[in-house]
Amino acid sequence: MATTLDYRVNPLDPQDKLTVSLYCTTALPLIVAVTSLAVQGGTMHQTTASTLVAAGAVTVFLMPLLGGLTSKLMKGETRLIAPTA
């Protein structure tokens, strides 16, 4: 099943649209591919490419975390951390 932001096909609430958009913003494979080509082509320094890839790696962790937190906050859940036994 595909997720779309078109309200006629999938009528998501604005809160759900924000959550979906945060989950979809990670682009590490694309960043790695583009920077690899740029370094091989000589148009980008290796240090710049490494920095961009590291920033992309952070988004792989950060954006789903923000998406989950946003979803819980928008639904009014007050407990953001699972209780410990």
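What you see is a predicted model; the values in this text were computed from it and never measured.
- Hydrophobic cluster membership for Leu30: Val34 (Ile, Leu, Val, Met, Phe, Trp, Tyr linked by side-chain heavy atoms under 4.5 Å, directly or transitively).
- Judged as a side chain to side chain contact (heavy atoms under 4.5 Å, CB included), and not counting sequence neighbours, the contacts of Ser36 are Val32.
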Anything under 3.5 Å between a donor and an acceptor, one on a side chain of residues 49-56, the other on a protein residue two or more places apart or in another chain? List them.
from	atom 1	to	atom 2	distance (Å)
Ser50	OG	Gln46	O	3.0
Ser50	OG	Gln46	NE2	3.4
Thr51	OG1	Thr47	O	2.9

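- Annotation: the span from Thr35 atom OG1 to Gln40 atom CD amounts to 9.5 Å, rounded to 0.5 Å.
- To the nearest 0.5 Å, the span separating OG1 on Thr59 from CD1 on Ile31 amounts to 5.5 Å.
- Val60 is linked by a side chain to side chain contact (heavy atoms under 4.5 Å, CB included) to Thr26, Leu28, counting only residues two or more places apart in sequence or in another chain.
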